[in-house]
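The structure appears right after this line, and notes come after that.
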Amino acid sequence: MLQVSRLASSIKPSATLAAAARAKQLQASGVRIRDFSLGEPDFPTPEHVCEAARRAMAAGKTRYTQASGTPELRGAVAKLYGESYGLSVTPEQVLISNGAKHSLHNALAGAISPGDEVIIPTPYWVSYSDLVAMTGGVPVLVPTSMQSGFRLTPEALKAAITPRTRMLLLNAPSNPTGAVYTKAQLEAIARVVLDTGISVLSDEIYERLMFDGREPVCFATLHPDLPGRTITVSGVSKTYAMTGWRIGWSVAPVALAKAMGNIQSQQTSNPCSISQAAALAAITGEQGCVESMRAVFQQRRDLVCRLLNAVPGIRCPVPDGAFYAFFNIEGLYGKAPGGRKISDSASFCDAALEDAHVCLVPGSAFGAEGFARLSFATSNEEIESGVSQLAAWLSKG
Ligand code: PMP
Ligand code: GLU
C-alpha cells in the first residue's frame, strides 16, 4: 500500500484556493455564484507585458535560464530597491522564484531548521503556518485585535520571543486585514528585532497597493543592521495583475540568497523563462498601469466598506492597503436566516455560499475566528450584487 507521508498528511490545502474551487464547482453546476474568495486582480495583464512575453518566445527565449533567474531580471529587481527605497541591493542578493509563495518557501527552507520558532502575527495569510511547518519550523501565532488595527505591537512581539525564536514573519499591507504600519510603528518593531537578534521575513507583496496617499515602507531600510537579518519578499502577481505568470522574488544577504538558490536549483530550476521576460517588462516599463489599478481598488474599497457596514450585525474596518475586506460577523451568531445556524466563521461562510450564493473565506483560515474575508479584486457590479444578496439573506433571520 502506498502511504501518504507524515509531512503530506499534516498539510491542509490552501483555504483560499479551496474556496475558489468550491465556487467554480457550483458555477459549473449552473448556480450563479458571487465569488469573493480569491485575492487575484481581475484586470488583464498590461498589454506591453504580454507583448514582451510574445517577443521573448519569438526570440527563442524558451530554454532554461540560470536557476536563480536571468541576470537581467535579478539586476532590475536589485535596481528597483535602490530607486524605490534607497536600499542598496546587488543582483547576487536577488532570487527569482515561481511566485512569491515559492519565495517564502525558499526563504523558510533556507533559514529555518527543525524546532526553530517563527512568530506569525494573526490574522495571517492562510499559507504561512503550513509553509513554516513544512520546513520543520514551529509557527508561533501572536494575536492582534481589530481595536488595535490588527497591528503587531512591540510589546506583544517581545513577549512571544523565546530562546528558540528564529524569525518574525511580517506582512504589510496585510492579507487578510489590509493593515499597514506607519514608519514609526515599524521602527519600534525593528528595535525589538535588533535587541533580540531575531531575523525577519518581510512579505511586501502588496507594497504598491496602499490607499489614501500612504507610502510603502520597506522594512529592511529602517536600520543599517536590518539588511543583514531581513529577507524581503515581493513579486509581480498583485502589482501588475500577473498571478498566473508565477514570478516572485526575495532579497536576502548574499550567503543566504546563495543557499536559497541552491534549494531552488535542486527543486524547480529556473522559473518560466517567458514569464521572467514579462516580469522584466513589468518592472522596467511604464508604471501608469499600477496607479490606474490602485485607484480602482481604492474606490472599490470605499464601496465595499460602505455596503458591508450597512448590514446589521456586520462591522467592517476600513483597510489601508491590499484588496480585502476583513469583517466581523459575531453580531450574526445565533441567527439562522436560511435554516442553517451561524455559530462561527465556517458556518457563516458555508451558509452564505449555500443560501446567498456568495463565496467568502472564513476568518478561521486566517487564524481569526469571528471574521470573514471578502476579496474586492472584482467589479463594482459583482460587489453590489454580492453584498445585496448577503443582506437579503441575513434579513430573513
Ligand atoms: N503573500 C501574500 C500575503 C499573498 O496574499 C500572496 C497571494 N497569494 C502571496 C504571498 C503569494 O503570491 P504569488 O501569487 O506571487 O505566489
Ligand atoms: N493570495 C491570494 C489569496 O489569499 C491567492 C490564493 C493563494 O495563493 O492561496 O486569495
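None of the values given here were measured: they were computed from a predicted structure. Numbers here are sequence positions counted from 1. Indexing begins at 1, ligand by ligand and atom by atom, following the structure's order.
- Heavy atoms of Y128 come nearer than 4.0 angstrom to ligand 1 in at least one pair.
- Taking a cutoff of 4.0 Å between a charged side-chain nitrogen and a carboxylate oxygen, E204 and K238 do not qualify as a salt bridge.
- No more than 12 heavy atoms of other residues, nucleotides or ligands lie within 6.0 Å of CD in Q3, so this atom counts as exposed by the packing criterion.
- Taking the six-membered ring for Trp, Y181 and F219 have ring centres at least 6.0 Å apart.
- Look at K101 and you'll find a heavy atom under 4.0 Å from some atom of ligand 2.
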**Q.** R294/E291 under salt bridge (Lys or Arg N to Asp or Glu O under 4.0 Å): CA gap, chis, key distance, verdict
**A.** CA-CA 5 Å; R294 194 208 61 79; E291 173 51 24; 2.8 Å; yes

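- Contact annotation: the side chain of R373 approaches that of T16 to within less than 4.5 Å [non-hydrogen atoms, C-beta and beyond].
- Residue-ligand proximity, N175 to ligand 1, at heavy-atom distances under 4.0 Å covers atoms 3 (C), 4 (C), 5 (O).
- Screening V142, L141, V132 for a side-chain contact (heavy atoms from CB on, under 4.5 Å) involving I119 leaves a single residue, V142.
- Under the 4.5 Å side-chain heavy-atom criterion for grouping Ile, Leu, Val, Met, Phe, Trp and Tyr, V361 is not connected to L394 through any hydrophobic cluster.
- The environment of R6 atom CZ is sparse: at most 12 non-hydrogen atoms of other residues, nucleotides or ligands sit within 6.0 angstrom.
- Contact between N171 and ligand 1 is present, with at least one heavy atom of the residue lying under 4.0 Å from the ligand.
- Close contacts of ligand 1 with S237, meaning ligand atoms under 4.0 Å from a residue heavy atom, involve 13 (P), 14 (O), 15 (O).
- When each atom of ligand 2 is checked for a heavy atom of R373 under 4.0 Å away, the hits are 3 (C), 4 (O), 10 (O).
- The closest approach between a heavy atom of H102 and any atom of ligand 1 is not below 4.0 Å.
- The number of heavy-atom neighbours closer than 6.0 Å to CD of E369, taken from other residues, nucleotides and ligands shown, is above 12.
- Taking the six-membered ring where the residue is Trp, the centroids of F371 and F150 are separated by under 6.0 Å.
- Of all atoms in ligand 1, listed by their number and element, those nearer than 4.0 Å to a heavy atom of G99 are 15 (O), 16 (O).
- In summary, the aromatic rings of Y206 and F323 are positioned with their centroids under 6.0 Å apart.
- For atom 9 (C) of ligand 1, the closest non-hydrogen atom on the protein side is W125 CH2, 3.4 Å.
- Between W125 and ligand 2, a contact under 3.5 Å exists for at least one N or O pair.
- In terms of N/O distances under 3.5 Å, ligand 1 is approached by D203.
- Interface of Y206 with ligand 1, defined as ligand atoms under 4.0 Å from a residue heavy atom, comprises 3 (C), 4 (C), 5 (O).
- Ion pairing between R54 and E47 holds under the 4.0 Å rule for side-chain N and carboxylate O.
- Cluster partners of M210, using a side-chain heavy-atom cutoff of under 4.5 Å among ILVMFWY residues and allowing indirect links, are V180.
- Looking only at protein heavy atoms, the nearest one to atom 7 (C) of ligand 2 is T16 OG1, 3.4 Å.
- Contact analysis leaves E40 out of contact with ligand 1, as no non-hydrogen atom separation drops below 4.0 angstrom.
- Ranking protein heavy atoms by distance to atom 7 (C) of ligand 1, first place goes to K238 NZ, 2.6 Å.
- Here the heavy atom of the protein found nearest to atom 1 (N) of ligand 2 is K238 NZ, 3.0 Å.
- Distances below 4.0 Å separate heavy atoms of Y324 from the following atoms of ligand 2: 1 (N), 2 (C), 3 (C), 4 (O).
- Ligand-side atoms of ligand 1 in range of R246: 13 (P), 14 (O), 15 (O), 16 (O), range being under 4.0 angstrom from any heavy atom.
- Proximity of V361 to ligand 2, defined as any heavy-atom pair under 4.0 Å, is not found for any part of the residue.
- Between G39 and ligand 2, an N or O atom pair is found at a separation short of 3.5 Å.
- At a heavy-atom cutoff of 4.0 Å, ligand 2 is contacted by no atom of F36, backbone or side chain.
- Residue A100 touches ligand 1 through backbone and side chain together, judged by heavy-atom distances below 4.0 Å.
- No N or O atom of T243 sits closer than 3.5 Å to an N or O atom of ligand 1.
- Within a 6.0 Å radius of CZ in R315, other residues, nucleotides and ligands contribute 12 heavy atoms or fewer.
- Atom numbering of ligand 2 starts at 1 in the shown order; those under 4.0 Å from a heavy atom of L17 are 6 (C), 7 (C), 9 (O).
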